[in-house]
Amino acid sequence: MLRISNPWSVEMLRNSVFDSYQEISPREVESEQIILVEIDETSLKEMGQWPWPRNLVAELTEKILFHHPKVLGIDILFPEPDRTSPDLIAKQSQNLPKGIKDLLASLPSNDAMLATSMRDKPVVLGIAAGYGTQNKLPASSSNSIVMIGGDIRNSIPYYSQVLRNIPALEKAVQAQGVSNIAPDPDGLIRKVPMIYNISGSLVPAFETEILRIANSNIPTEVISPSSEIKEINIAGLQLKTDHLGNARIHFSDRPNKHTVSARSVLADEIPENYFNNKIVLLGVTAVGIADYTPSPLGQNLSGLALHAQALESIITDSLLTHSYISASIELGFFVLIGLVLIWISNRYTALELTVAFAILCWSIVLISWGSFKAQKLLIDPTLPLALTLTLFLIATSAGFINEQKQRRTDAREAALREREKEARIRKLQNELMHTIGKSSVQKLSSSIAHEMNQPMAAICNYTNTAKRLLDKKEISQDTLRSVLGKILAQADRGNDILKSIRESAETGKTSIRALDVNRIIQEEVELIKDVGEAQSVQIILDCDQNLPQAQANEIQLHQVLLNLIRNAVQAITHAETESKHEGEIEIRTVRNEDGMIQVSISDTGPGLSEVEKETLFKPFYTSKEQGMGLGLAISRSILEALGGSLWVEENKKGGAVFYFTLPPNEN
Ligand code: ADP
């Protein structure tokens, strides 16, 4: 829409790019056909103030025309009669003697002299288009332009009025063209219209008429299939104007190459044939009188120099064109860029998008520059670049938003996964706890069964012995009493064990009471020996006789001791099969520095590696084929629940020392 509505801001942007192209690469070619005769400061100094009497202009004109130029274009307007003409002086001066007045009146007027100098010569005069009421058109306008095709009058620059030269001059000259050029809104002149619509009539520009007269006097053809100009044909010269008939100047950075001062012409200082067959432009360039306008190259050019630049561009076929071809290429760019960026942004990463963006930008700039350089075709890079940038920003910010969204989704999924993982771990933990619980019950029951087995076996043993002795009648009353006492003691112990199981099954709690640790150790060792578990191992007891009682549960303490002693026995017997030397277990009790009851069970087994020291208290860690890996874990949790602890150290004699502590009974 911007491209089609083409507001001035867009035009400005586009123009500034095209201006910089011209600055980088100004027009190099020169036709060597155009010569400027300037009424400059030196001329005014020599010949007097401006405006000059027209007999002087006539003399100047004559001197130029004497050298047979192809055409002389005079960029000076003569709208009123010259008041310095002798006849007008005679009229205006009241006090002159009659003789002098008559003499003056009989002399030819300056305007007539100027008209005579131009008559039947290839001279083009400038006229000025503007707005006002006096809208009489120049005499020559009607037949110098023909329209072939549509009516283009509504497309070209329109003015209501034209400032004409005095009739005497109009009649004398071959052609007149509009010589005042309107700058662009930013004050720069970039183009000259070749045809104007003045109050409905087609009027040629100064340049158009100069070229027409210079070549041949045939009318200029405006070819337009519709209401817009396709081509302007001036005496066989095809102009590449835009569709409004504007010729876009390619400026040279040496605008005043062929310039002479009017003073030199008047002083006959110009070489013979200097103007011969040339296009000569005559105008005022003196500062303060002439208007200077900036060009895209940053030079301040007089009206005369501007006309010269326009004519040079036309003659050397250097006009710049911003035509329908440019417009279609620009629109083609839009579609291409849009499709490429949309296609890439959907498929590739931000980096690839950036690379595509850079390539597109560069190709736009290169194509635009290349067509300017090679074809003088102006292709606007600004809108395609702006579009590329906009699409790139949209694509990247869309990508950014998507990425953010993706990140949020990822974070949500990660959190979900984390929660699931936690749930799984909790489930596993529950299962583990369940298993541990179950196995501790199994372990507990097996150790209870084991313990019940011991008193039962002992009772059996004692009873059998007593029976055998009674059968042989060898038993004394005392021995029988002692054997029966032992049987009773074992039965009591069995009773206690059952009571304890019942209690903990009913209450869910274990009964804690004051216990003699030394006694329990002794009993456990005896029992282990009695059942024949530690046959090849020597168990040494070193018990502190002043040990206070401990706060513990008897069954649990038995379980801990059973675990630790059995582990020690197994470690030794396992090592023995390899090294074949006798093992030793030492069980010590002491009250340690913290006041706790400390029991150590040291063995002469293989000992423990550093890694094992860390891991063997973890559930299910075992090195045994039949092991469950729960003994130490359960023992530690039992001891910790009782307020004590369990750890392992190295035995200096080789092997391991397991220590556990229990709080003393303070009551
Ligand atoms: P289990 O006896 O069923 O393997 P434990 O928890 O009682 O389970 O023991 C775990 C592991 O610790 C044993 O498999 C063994 O490798 C190691 N261990 C325990 N006590 C000793 C010891 N006195 N000497 C060497 N290793 C031991």
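Whatever order the structure lists ligands and atoms in, that order sets their numbers, starting from 1. Below, all heavy atoms of this structure are taken into account, side chains as well, without hydrogens, waters or symmetry copies.
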What class does the angle between the rings of Phe392 and Phe357 fall in, given that below 30° is parallel, 30 to 60° is tilted and above 60° is perpendicular?
parallel

Between Glu11 and Arg14, is there a salt bridge with N-O shorter than 4.0 Å?
yes

Return yes or no for this condition: an N or O of Asn567 is under 3.5 Å from an N or O of ligand 1.
yes

Numbered in order shown, the ligand 1 atoms found under 4.0 Å of a heavy atom of Leu616 are 12 (O)

Contact with ligand 1 for Phe658, non-hydrogen, under 4.0 angstrom:
yes

If only atom types and distance count, is the side chain of Asp594 paired as donor or acceptor with the main-chain N or O of Met596 below 3.5 Å?
no

With heavy-atom distances below 4.0 Å as the criterion, list the atoms of ligand 1 near Leu608.
25 (C), 26 (N), 27 (C)

Under 4.0 Å between heavy atoms, the region of Ala571 that gets near ligand 1 turns out to be side chain

Check Asp603 against ligand 1 and report side chain, backbone, both or neither, counting heavy atoms closer than 4.0 Å.
side chain

Atoms of ligand 1 under 4.0 Å from any heavy atom of Thr622, numbered from 1 in the order shown, are 1 (P), 4 (O), 14 (O)

For the pair Arg468 and Asp471, find out whether any cationic side-chain nitrogen is under 4.0 Å from an anionic carboxylate oxygen.
no

Okay, side chain of Ser602, backbone of Asn651: is any donor-acceptor separation there less than 3.5 Å?
no

Considering the options Asn402, Asp410, Thr409, which one meets the side-chain hydrogen bond (donor to acceptor under 3.5 Å, both in side chains) requirement together with Gln406?
Asp410

